[in-house]
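To start, the structure under review is shown below, and the notes come after it.
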Amino acid sequence: MSVTGAGHNADLIVINGHVLTMDDDNPTAEAVAVKDGTIIAIGSRASIEELKGPATKVIDAKGGSVIPGFIEAHMHLFSGGAELAHLQLGGVHGFEALQKAIRDYAPTRPHAAMLVGQGVDYTVLGSERVTRHHLDQILPDRPFCMAAPDHHTMWANTKALVMAGILHGRTLGPGNEIVMGDDGLAAGELREGEAFGPVLDLAGESRVRLGLATGGEPDPMPSAEERAADRDIMRRGLAWCARHGITSIQNMDGNLYQLELLAEIEAAEGLPCRVQIPFHYKNFMTLDMLDKASVMTERYNSEWLSSGMVKVFYDGVLDSWTAVMVEPYADRTDWVGEPLFTPQQFIDLAVAVDRRGLQIAVHSIGDGAVRAVLDGYEAAQKANGKRDSRHRVEHIEVITTSDVPRFAELGVIASMQPPHPPGAMDFPLEPTVSRIGPARWPLSYAWRTLKNAGAHVVFASDWPVSPIDPILGIQAAVMRKPWAESDPDQSFSLHESLTAYTVEGAYAEFAEHRKGMLKPGYMADLVVLSDDIERTAPAELHRLRPVTTICGGKVTYQA
Ligand SMILES: [Zn+2]
């Protein structure tokens, strides 16, 4: 065993565990000792118990795995926190069940200006499409809306449509639609953010969407009361992360306001997770607005709260044909999608961000988007010189053969989400697999292909798009099956999956020398699981629960 600070009592020790350090030089142990927020020793139970003093807190892992805290490399903390208070409709099927869920929920929120449901299946009423009339039958007198799991479609009752001023429809940007009924009025189905934004904003939570919708700041600035309510939303999201063993968050939407709220929580009681908040650059902005990204980075640069990143959306999603493809969609052969930036605009942006020394993370789902973004990173390297930039591509749901090796060549990180492949967890096979087409299946959600080509692959949930639970993500990664027998196996082993949620997550934020492993001198960020993960059958992994989460040496969750 190795000890730093020997001779001093530990603040906390974890004993009787199956410690998986994720450190190849010292892969397993029985116990861990922590002092001043840092790991001071890893070793046998006896050696660690020598560091126990009268005030040392002792955590008995009871034979469960002890692993580095999960690093969630792509999520949306503020909106996720808000959604936790909404009605959860996942798994609800049939009119009766929907009616019961909504009618049970409504009285529990007597003062809500808008009742909101989340996670409702597109086929909740079987083959019948949901309309405002169904929802009026269930709840006629209060405004109600509910969102599909992918957050791209919502349905609202008449009361909500009237209050939002969209019962008679409205002209919207491409890709957004208020579906109209035969009676010339809105049918209740609202496609994409511009369509459902006016309804959702009535919930009094419009500020949680700013970091995604515009990247801008609240205007007018919120009152003290609103700010306190927003801090509580953040607290709820942070507690949800800690409960799932997460100790570091790489958020994928952002503005200064989110950093301010988190800094206020840190000052009041400390943060239960470390958080990185990017600046979100939208296609209507000009390059001088990157000054704000630099300001965010200078102002927040601690190990608890940081920025240093610019988040960009290059395309949309496959299911609405808004992802950008190299070749046309299999089920829409005259269409390759429409990018949110022209390739040249993106190159200019990448060069400008890279010149500031900031990291770039770009939502790129189609293979055409992935290519354009890699072209931008290559141009930045040519213009500014090669440096350790660790720019990222988010999602990469489809990629072409020729772009696979460019990740390793350019030092670009592949940020992938194990819950996302259709059929892997909650998302159905259709319509996505038909949209992609069998010719592209071998290089769809191609974690293995990218890793084998030398790319750094980080895993995440994209919460609240998918459930936040990293253990569910690990199970999905380990159990991943090809869609056709001829397709390559893209699954990850347990150890590779854990690596993608710990070691690679640390690498993605330039912190591999401080976190992602259990090692003396590293941050005391760890999680104790309810059982030994290495002895758990893949199909049973979901039964494992975090029992104790420790971040910076503090217990942030205890079952
Ligand atoms: Zn996302």
Side-chain angles (χ1 to χ4, degrees), residues 70-84 118-119 147-153 175 192-193 196-197 200 208-215 234 237 240-241 244 246 248-255 258 273 275-283 307 309-320 322-324 339-341 359-366 369-370 373 391-398 413-422 424-427 432 445 447 457-470 472-473 476 500-501 505 508-509:
F70 292 118
I71 298 176
E72 227 304 330
H74 183 131
M75 63 172 274
H76 304 276
L77 177 63
F78 204 8
S79 54
E83 288 189 14
L84 288 174
Q118 293 294 340
D150 64 10
H151 294 75
H152 288 273
T153 299
E192 302 294 338
F196 56 69
L200 208 48
V208 310
R209 302 199 310 123
L210 279 178
L212 197 60
T214 67
M234 282 291 195
W240 191 245
C241 292
H244 288 93
I246 293 164
S248 287
I249 295 166
Q250 291 162 18
N251 208 56
M252 283 294 148
D253 66 89
N255 53 10
Q258 293 192 23
C273 309
V275 192
Q276 179 182 26
I277 298 281
F279 169 70
H280 184 179
Y281 188 93
K282 302 285 285 189
N283 57 8
S307 184
M309 181 192 286
V310 175
K311 170 74 192 299
V312 183
F313 276 81
Y314 192 85
D315 69 349
V317 296
L318 292 163
D319 285 3
S320 58
T322 50
V324 171
L340 296 167
F341 290 81
Q359 197 178 13
I360 315 173
V362 186
H363 168 116
S364 319
I365 282 187
V370 173
V373 168
H391 298 315
R392 312 169 37 140
V393 187
E394 306 301 313
H395 309 310
I396 321 170
E397 296 189 357
V398 189
I413 292 168
S415 168
M416 327 275 290
Q417 292 70 38
H420 284 187
M425 220 162 98
D426 298 332
F427 295 126
T432 321
Y445 308 86
W447 317 326
V457 176
V458 292
F459 275 170
S461 66
D462 201 6
W463 182 64
V465 174
S466 298
I468 201 167
D469 191 347
L472 293 183
Y501 276 107
E509 49 182 279

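Computation of the quantities below employed the complete heavy-atom set of this structure, encompassing side-chain atoms and omitting hydrogens, waters and symmetry-equivalent molecules. Remember, it's 1-based here, ligands and their atoms both numbered in the order they're listed. Numbering of residues begins at 1 and proceeds along the displayed sequence. All values reported here derive from a predicted model rather than from experimental measurement.
- With sequence neighbours excluded, no residue satisfies side-chain hydrogen bond (donor to acceptor under 3.5 Å, both in side chains) with Ser307.
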**Message:** Could you go through His420 and Phe427, starting from their C-alpha distance and side-chain angles, then the distance that decides it, and tell me whether this counts as ring-ring contact (aromatic ring centres under 6.0 Å, His included)?
**Reply:** CA-CA 7 Å; His420 284 187; Phe427 295 126; 5.8 Å; yes

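- Ring geometry for Tyr314 against Phe341 counts as parallel: the plane angle stays under 30°, on a 0 to 90° scale with 60° as the upper cut.
- Residues meeting the side-chain hydrogen bond (donor to acceptor under 3.5 Å, both in side chains) test with His151, sequence neighbours left out: Glu83.
- None of Arg392, Gln359, Lys311, His74 except one satisfies the side-chain hydrogen bond (donor to acceptor under 3.5 Å, both in side chains) rule with Gln250; the exception is Arg392.
- With a cut-off of 2.8 Å, the protein N/O/S atoms near the Zn ion (ligand 1) add up to 3.
- Applying the side-chain hydrogen bond (donor to acceptor under 3.5 Å, both in side chains) rule to Gln118 yields the partners His86; only residues at least two apart in sequence or on another chain are considered.
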